[in-house]
J.: 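Got a structure here, written out as structure tokens. Questions coming.
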Amino acid sequence: MATIGFIGAGNIGSQLARLAVAHGYEVVISNSRGPETLTALLAELGPKARAATTTGAAKAGDIVVVTIPLKNYPTVPVEPLAGKIVIDTNNYYPQRDGHIAALDNESTTTSELLQAHLPASKVVKAFNHIYAAQLTTDGRPAGTKNRRALVIAGDDAAAKATVTRLLDEFGFDAVDAGPLKEGWRIQRDTPGYGPQRTAEDLRKDLAAAKRYADRE
Ligand SMILES: NC(=O)c1ccc[n+]([C@@H]2O[C@H](COP(=O)([O-])OP(=O)(O)OC[C@H]3O[C@@H](n4cnc5c(N)ncnc54)[C@H](OP(=O)(O)O)[C@@H]3O)[C@@H](O)[C@H]2O)c1
């Protein structure tokens with residue numbers, strides 16, 4: 001797993017690209033406006049990074065991170081991501097994304113939407129509940145007391161194992177919430193969304209999460 005592709009190079013995409021380069025990965029980054037708009041980030045990331053179109057980043061990545069405003073997920077290239085692990089950081093904010101009925105009525109979850117768009121890919125939800133800046137400050141070596149943990153969810157066990165190893169390399173424990181349909185347990189406004197948590201605390205947060213419909 002030498003190359004990580006990025007669809008989205010904003011707060012989260014750029015931070016994950018920094019982490020990836022720092023841990024020896026090649027990165028191929030993309031955004032909506034085109035590779036020529038990414039020169040400043042490329043200069044910072046150095047020789048292990050290059051920019052491409054979204055299709056180019058999708059083709060180049062052994063693992064590909066989708067980290068864009070959720071409403072734009074239908075534009076993510078499908079065919080070049082077939083068979084690949086796709087890490088989904090996206091969250092639903094109606095004020096930004098507009099209303100998506102299936103999310104408002106909780107008949108699906110954000111990562112299930114991306115998985116339905118990418119039926120031949122292995123979508124793993126990850127990095128959705130940590131502030132971008134903390135990605136490069138909160139990581140600690142494995143075994144550190146009170147190491148921060150992050151939630152993953154996904155329908156493919158091998159893909160989740162790969163993402164768990166990536167999280168560990170980047171300095172975080174992983175807590176498996178189960179299949180993608182359980183990803184709502186770490187959506188916005190749930191107890192685990194945002195605060196720094198150990199694996200033990202995060203498991204409690206996941207168990208305590210309530211559906212929007214079940215809240216006061
Ligand atoms: N910010 C956080 O701390 C945080 C934490 C966890 C999760 N998240 C979630 O992660 C996602 C990304 O958040 P962010 O804060 O990084 O967003 P952001 O700073 O607004 O960056 C979004 C990136 O996505 C690109 N983009 C937009 N539409 C695209 C498309 N159709 N195809 C390819 N690239 C596209 C943008 O490129 P252009 O600039 O060229 O349009 C930009 O590089 C969101 O769903 C967010 O809710 C954010």
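Throughout, numbering of the chain's residues begins at 1 and tracks the sequence. Read the numbers this way: they start at 1 and go in the same order the structure lists the ligands and their atoms. This is a predicted model, so every value here is computed, not measured.
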J.: Tell me the protein heavy atom at minimum distance from atom 6 (C) of ligand 1, and give that distance in Å.
T.: N128 O, 3.2 Å
J.: At under 4.0 Å between heavy atoms, is it the side chain or the backbone of T89 that contacts ligand 1, or both, or neither?
T.: both
J.: Closest non-hydrogen protein atom to atom 3 (O) of ligand 1, residue and atom name please, with distance?
T.: A132 N, 2.9 Å
J.: Are there over 12 heavy-atom neighbours, none belonging to Y93, within less than 6.0 Å of that residue's OH?
T.: yes
J.: Check for a donor-acceptor pair, side chain of K210 on one end and backbone N or O of R215 on the other, with a separation under 3.5 Å.
T.: no
J.: Could you check whether the rings of Y73 and H117 sit parallel, tilted or perpendicular, using 30° and 60° as the cut-offs?
T.: perpendicular
J.: Starting from atom 15 (O) of ligand 1, which protein heavy atom do you reach first, and at what distance in Å?
T.: N11 ND2, 3.0 Å
J.: Run the numbers for me: atoms of ligand 1, each under 4.0 Å from some heavy atom of F127, listed by number.
T.: 6 (C), 7 (C)
J.: How far is atom 40 (O) of ligand 1 from its nearest protein heavy atom, and which residue and atom name does that atom have?
T.: R33 NE, 2.7 Å
J.: To check your reading of the model: name the closest protein heavy atom to atom 41 (O) of ligand 1, its residue, and the distance in Å.
T.: S32 OG, 2.6 Å
J.: Does atom NZ (K71) have a neighbourhood of more than 12 heavy atoms from anything else shown, all under 6.0 Å?
T.: yes
J.: So, regarding I68 and ligand 1 (criterion: nitrogen or oxygen to nitrogen or oxygen, under 3.5 Å), is there a contact or not?
T.: yes
J.: Tell me, do T162 and V124 make a side-chain contact under 4.5 Å, heavy atoms counted?
T.: no
J.: Would you mind running through ligand 1 and noting each atom that sits below 4.0 Å from a heavy atom of N90?
T.: 11 (C), 45 (O)
J.: Take H129 and L150 through the side-chain contact (heavy atoms from CB on, under 4.5 Å) test and state the conclusion after the steps.
T.: CA-CA 8 Å; H129 64 101; L150 297 175; 3.7 Å; yes
J.: Is there a donor-acceptor pair closer than 3.5 Å between any side-chain N or O of H99 and the backbone N or O of D104?
T.: no
J.: Using a 3.5 Å distance criterion without hydrogens, assess whether the side chain of T198 forms a donor-acceptor pair with backbone atoms of D201.
T.: yes
J.: Judged on heavy-atom distance to atom 7 (C) of ligand 1, which of N91, T67, L135 sits nearest?
T.: N91
J.: Please state which option from P74, A126, P69 has its nearest heavy atom closest to atom 27 (C) of ligand 1.
T.: P69
J.: Has Y92 got any heavy atom lying under 4.0 angstrom from an atom of ligand 1?
T.: no
J.: Below 3.5 angstrom, do we get any N/O pair linking Y131 and ligand 1?
T.: no
J.: Considering only heavy atoms, does I130 approach ligand 1 within less than 4.0 Å through its side chain, its backbone, both, or neither?
T.: backbone
J.: Under 3.5 Å, is there a donor on one side chain and an acceptor on the other for S32 and N72?
T.: no
J.: CD of E106: more than 12 outside heavy atoms within 6.0 angstrom?
T.: yes
J.: Indicate yes or no: does an N/O atom of I7 lie under 3.5 Å from an N/O atom of ligand 1?
T.: no
J.: Who gets closest to atom 23 (C) of ligand 1 by heavy atom: S30, G194, G10, G13?
T.: G10
J.: Which of the listed options, V66, T54, T53, holds the heavy atom that is closest to atom 32 (N) of ligand 1?
T.: T54
J.: Please indicate whether any nitrogen or oxygen in N72 is less than 3.5 Å from any nitrogen or oxygen in ligand 1.
T.: yes
J.: Heavy-atom distances under 4.0 Å are what count here, so tell me which part of K71 touches ligand 1: side chain, backbone, both or neither.
T.: neither
J.: R148 versus I130: any side-chain heavy-atom pair under 4.5 Å?
T.: yes
J.: For atom 47 (O) of ligand 1, what is the closest protein heavy atom, and at what distance to 0.1 Å?
T.: R96 NH1, 3.1 Å
J.: Ignoring hydrogens and geometry, is there a side-chain-to-backbone donor-acceptor pair from E182 to A177 under 3.5 Å?
T.: no
J.: Is there at least one protein heavy-atom neighbour under 4.0 Å from atom 1 (N) of ligand 1?
T.: yes
J.: Regarding Q115 and D155, is there a side-chain donor-to-acceptor distance under 3.5 Å anywhere?
T.: no
J.: Heavy-atom contacts under 4.0 Å between T75 and ligand 1: side chain, backbone, both, or neither?
T.: side chain
J.: Report the distance from atom CG of N90 to atom CD1 of I12, rounding to the nearest 0.5 Å.
T.: 9.5 Å
J.: To the nearest 0.1 Å, how far is atom 37 (O) of ligand 1 from its closest protein heavy atom, and which atom is that?
T.: N31 CB, 3.2 Å
J.: Whether the side chain of K84 engages the backbone of K59 through a donor-acceptor N/O pair (distance < 3.5 Å, no angle test) should be reported.
T.: yes
J.: With a 4.0 Å cut-off on heavy atoms, does Q15 reach ligand 1?
T.: no
J.: Tell me, which protein residue and heavy-atom name are nearest atom 48 (C) of ligand 1, and how many Å apart are they?
T.: I12 CG1, 3.5 Å
